[in-house]
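Keep in mind that this is a model prediction, so the values were computed, not measured. Numbering starts at 1 and runs along the sequence shown. Counting starts at 1 for both ligands and their atoms, in listed order.
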Amino acid sequence: MAEVLVLVDHLEGAVRKPTLELLTLARRLGDPVAVHLGPGAESAAATLGEHGATRVLAADAPEFADYLVAPKVDALQAAVEAVSPAVVLVSSSPEGKEIAARLALRTESGLLTDAVDIAAGDEGPVVSQSVFAAAYTTTSRVTQGTPVITVKPNAVTPEPAQAAGTVEELSVSFGPLATGTQVVSRTPRESTGRPELTEAAIVVSGGRGVNGAENFALIEALADSLGGAVGASRAAVDAGWYPHSHQVGQTGKTVSPQLYVAAGISGAIQHRAGMQTSKTIVAINKDSDAPIFELVDYGIVGDLFDVVPALTEQVNTR
Ligand code: FAD
């Protein structure tokens, strides 16, 4: 069976959820082979094997210490040359997209980014992408070289599948770019205890209807009761009620969680662009004609100051 390379996204060996999603998708296309770069391959291998990685190609070197893109491209290229995979899958983070683009260029291969689904096809994988502010879904395939595909977080639910996950050493020779940049300092984000917005399975977002920074505590309380992340519309961000790093939409982040709750958000096309591929959408809005109701699975017409605390209480009592 053909092998499918999956680039592991991790911090010190702690594998991030999008990698498990990639392994789940990879199993549709062949035997997943994980590529783990930097420290922690041995500890990561157990998790990777439990999600279907038959092998873990591991490389560790000082060049990986700063988690930079260039050395990872060198290593992934070495893995492609060693394995001759049918496909290479990378997570659709900004870093993942840069790695994928550079790899595709080096291997003279076609690249497809931001896949929301992948199916096996007779002439190679068929990739679904959500385009034009999510107004269309396109299906595409790569016609040259080894397809390099980046996949959006939450495209699939990670499913366990036991495989060997045997660690094998990957030999890499680094190009001049590998040490061309250096990280000067690294400041950890202040932890809220909430999941990262683009990776969260549940997102609760507030809009102009929240009517003030202090009222975002209501949105946060509902998000916390559900174990979700907090998002915001641009109107709420522009008003200074919530940081831009939480903005969902065309000029913010794209999320595709299992559940998206929009409170006090009208549903402008630019907001939809960032959340329309969510699996289940719930909106709370006091205007029954708000455009957001056109795309919801469940709509609650009501005042968010009544509905959100009531929902939070209900969830907390369960
Ligand atoms: P509004 O459109 O003002 O809607 C507020 C809603 O809250 C209304 O529907 C109202 O009925 C409801 N409401 C009010 N009070 C209550 C209450 N007490 N209880 C319940 N409901 C209540 N927007 C984004 O979100 N993300 C983007 O990335 C983005 N990028 C953009 C890029 C460009 C180039 C442009 C031109 C615009 C962009 N916008 C973006 C802005 C977008 O067009 C909308 O202006 C914005 O999404 C509106 O935010 P909102 O829904 O919170 O506010």
Mind listing the closest non-hydrogen atom pair of Val142 and Leu111 along with its distance?
CG2-N, 4.2 Å
Which heavy atom of Gly206 sits nearest a heavy atom of Ala236, and at what distance?
O-CB, 3.8 Å
For ligand 1, which atoms have a heavy atom of [X] less than 4.0 angstrom away?
| X | result |
| --- | --- |
| Gly302 | 19 (N), 20 (C) |
| Asp287 | 11 (O) |
| Phe305 | 18 (N) |
| Val248 | 24 (C), 25 (O), 26 (N), 27 (C), 28 (O) |
| Gln250 | 27 (C), 28 (O) |
| Asp303 | 17 (C), 18 (N), 19 (N) |
| Gly252 | 28 (O) |
| Gly207 | 52 (O) |

How far is [atom] from the closest protein heavy atom, and which atom is that?
| atom | answer |
| --- | --- |
| atom 53 (O) of ligand 1 | Arg208 CB, 3.5 Å |
| atom 8 (C) of ligand 1 | Asn285 ND2, 3.7 Å |
| atom 30 (N) of ligand 1 | Thr251 OG1, 2.6 Å |
| atom 19 (N) of ligand 1 | Leu304 N, 2.8 Å |
| atom 51 (O) of ligand 1 | Ser266 N, 2.7 Å |
| atom 39 (N) of ligand 1 | Gln270 CB, 3.5 Å |
| atom 27 (C) of ligand 1 | Gln247 NE2, 3.2 Å |
| atom 33 (C) of ligand 1 | Arg234 NH1, 3.4 Å |

Closer than 4.0 angstrom, basic N to acidic O: yes or no for Glu199 and Lys152?
no
Modelled atom types, side-chain donor and acceptor of Asn154 and Lys17, under 3.5 Å
yes
For the 3.5 Å polar cut-off, considering only N or O atoms, please tell me whether Gly264 and ligand 1 meet it.
yes
Short N/O distance, under 3.5 Å, between Ala268 and ligand 1?
no
Does a sphere of radius 6.0 Å around CD in Glu294 hold more than 12 heavy atoms from other residues, nucleotides or ligands, not counting ones at 6.0 Å or beyond?
yes
More than 12 heavy atoms of other residues, nucleotides or ligands under 6.0 Å from CD of Gln182: is that the case?
no
Drop me the distance from Phe174's CZ to Phe64's CZ, to the nearest 0.5 angstrom.
3.5 Å
Using modelled atom types only, decide if a donor and an acceptor are shared between the side chain of [X] and the backbone of [Y] within a distance under 3.5 Å.
| X | Y | result |
| --- | --- | --- |
| Asp114 | Thr150 | no |
| Thr19 | Val15 | no |
| Arg272 | Gly267 | yes |

Can you confirm whether Val4 sits close enough to Leu89 that some side-chain heavy atom of one is under 4.5 Å from a side-chain heavy atom of the other?
yes
